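To keep things clear, I will list the structure first and then write my remarks on it.
Remember, predicted model here, so these are calculated numbers, not experimental data.
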Amino acid sequence: MTTMATQGAWLRMTLSPKSTVTSKELGFLTSQLSGIRISHAPSDVINRISVPSFPGIQPIVARRICPFTGKKANRANKVSFSNHKTKKLQFVNLQYKRVWWEAGKRFVKLRLSTKALKTIEKNGLDAVAKKAGIDLRKK
């Protein structure tokens, strides 16, 4: 029976940088503890490298946040009859709505919460957009 220390020494001896080891000699390594085969074939490395990955680029997803009021999802508990609590999200009631913009003399299609819609009806689209810092000319 060999110990982990002797196995590590054996691996360092066989895989030392002084000796030239080809990929055919490596093939598969089998772990003594779990019997898992670890592949060292060059084709595995090429398959992993050939997949393009862009860590800085995120997919464009419409966030569930109202741009006018800043409302976003609330973390809450879902309580069962036995008083067992599990986490859930209560999302904002976002709606796509065409709103008449008086200054631009046209309709503007917006995704906003129903609370923001009531605020726009009360105060006007220009005032609410100016307070939220939204430029309606872009849309």
Could you list the donor-acceptor pairs under 3.5 angstrom formed by side chains in residues 116-131, with sequence neighbours left out?
from, atom 1, to, atom 2, distance (Å)
Thr119, OG1, Lys115, O, 2.9
Asp126, OD1, Trp101, NE1, 2.7

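- In this structure, Leu94 belongs to a hydrophobic cluster whose other members, linked by side-chain heavy atoms under 4.5 Å apart, are Val92.
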Donor-acceptor pairs under 3.5 Å, side chain of residues 62-75 to any protein atom, not counting sequence neighbours: which ones?
from, atom 1, to, atom 2, distance (Å)
Thr69, OG1, Lys71, N, 3.4
Asn74, ND2, Gln90, OE1, 3.0

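- With sequence neighbours excluded, the residues forming a side chain to side chain contact (heavy atoms under 4.5 Å, CB included) with Tyr96 are Lys109, Arg111, listed by chain and number.
- Partners of Thr86 according to the side-chain hydrogen bond (donor to acceptor under 3.5 Å, both in side chains) rule, which considers only residues two or more places apart in sequence or in another chain, do not exist here.
- Residue pairs meeting the salt bridge (Lys or Arg N to Asp or Glu O under 4.0 Å) criterion with at least one partner in residues 84-105, sequence neighbours excluded, are Glu102-Lys105.
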